[in-house]
Amino acid sequence: MSTALSDPAVLHDFTVEVPHWRPRVQPIDLAEATPAQRDALKVTPSNTKVSDYVLVLANDVETLKARTPLFNAIMYNRGGLGRSGRELGAVGASVVNRCVYCAAVHASRYNQLTKDSRQMEQVFAAGEAAALPPREAAIFAFAVKLSKTPSEATEADVLALREAGLEEAEILDLVLSTALFGWANRLMHLLGDPVATQAEEA
């Protein structure tokens with residue numbers, strides 16, 4: 001099997017068009033899933049569309065059972081930082097870690113939430129030098145710094161977030177969403193590759 005670096009179908013450039021994710025590890029067959037796997041997947045008769053990524057994670061039931069509630073709590077809980085801010089934190093981490101798939105998914109969600117694609121165009125074109133509104137610039141800069149070298153994120157960086165208008169609960173949510181994707185990006189890298197849809201269908 002070809003590696004990601006030598007396979008021309010694998011995408012290496014950031015995009016807001018969500019690519020197909022091609023697993024390297026065999027996903028479980030949902031039709032043959034064990035009761036424990038189905039419980040971890042939270043599959044019901046009306047919910048039978050499950051991503052290959054989650055079906056790969058279902059090979060380790062206990063990990064999946066811990067991962068999904070944690071992911072949902074960090075990205076979707078009420079209060080604190082709004083959804084778009086959490087998605088921006090996820091994008092910041094994914095850009096640093098060069099996770100093309102995660103960056104695409106969360107940039108796309110950010111665009112849907114903000115109804116503005118210009119900011120993600122800036123991020124993917126200019127990276128850390130992206131020209132963003134002050135609040136978003138502070139969020140993105142913090143996510144990038146925390147993702148590069150967590151120990152170098154200092155009190156001064158937190159102060160910059162406060163000066164941009166973020167409250168304590170919002171800052172905590174940003175830390176959590178950014179850190180979550182430090183982990184999630186690495187899983188995506190190890191378990192599969194982002195590929196162009198047409199390449200997968202060829």
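When a residue number appears, it is its place in the shown sequence, counting from 1.
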Nearest non-hydrogen partners of [X] and [Y], listed with the distance:
X: Pro69; Y: Leu64; value: CD-O, 4.3 Å
X: Met75; Y: Ala90; value: CE-CB, 4.4 Å
X: Ala160; Y: Ala138; value: O-CB, 4.3 Å
X: Ala40; Y: Val61; value: CB-CG1, 3.9 Å
X: Arg86; Y: Gly80; value: NH2-C, 4.2 Å
X: Glu170; Y: Arg135; value: OE2-NH2, 2.8 Å

Within this structure, what is the [atom1]-[atom2] distance for the pair [X] and [Y], rounded to the nearest 0.5 Å?
X: Leu172; Y: Ile74; atom1: CG; atom2: CD1; value: 9.0 Å
X: Met188; Y: Cys99; atom1: CE; atom2: SG; value: 5.5 Å
X: Ser117; Y: Tyr110; atom1: OG; atom2: OH; value: 11.0 Å

For a salt bridge (Lys or Arg N to Asp or Glu O under 4.0 Å) check, start with the C-alpha distance between Glu167 and Arg162, then their side-chain angles and the critical distance, and finish with the verdict.
CA-CA 6 Å; Glu167 299 178 354; Arg162 292 188 184 122; over 6 Å; no
Criterion side-chain contact (heavy atoms from CB on, under 4.5 Å) against Ile171, the qualifying member of Leu176, Leu161, Ile139
Leu161
Connected via hydrophobic side-chain network under 4.5 Å: Leu190 and Trp21:
no
Is there a path of hydrophobic side-chain contacts, each under 4.5 Å between heavy atoms, that joins Leu166 and Leu113?
no
Yes or no on side-chain hydrogen bond (donor to acceptor under 3.5 Å, both in side chains) for Ser94 and Asn185, after CA distance, side-chain angles and deciding distance?
CA-CA 6 Å; Ser94 300; Asn185 295 157; 3.1 Å; yes
Classify the ring geometry of Phe181 against His106: parallel below 30°, tilted from 30° to 60°, perpendicular beyond 60°.
perpendicular
Donor-acceptor contact present, side-chain [X] to main-chain [Y], <3.5 Å:
X: Ser177; Y: Leu174; value: yes
X: Thr114; Y: Asp116; value: yes
X: Asp39; Y: Pro35; value: no
X: Arg38; Y: Leu30; value: yes
X: Glu32; Y: Asp29; value: no

For Asp157, the side-chain hydrogen bond (donor to acceptor under 3.5 Å, both in side chains) test, sequence neighbours excluded, returns Lys145, Thr154
Quick one, [X] and [Y] - any side-chain contact, counting heavy atoms below 4.5 Å?
X: Lys65; Y: Thr63; answer: no
X: Val18; Y: Tyr101; answer: yes
X: Val144; Y: Val95; answer: no

Presence of salt bridge, Glu152 and Lys148, under 4.0 angstrom
no
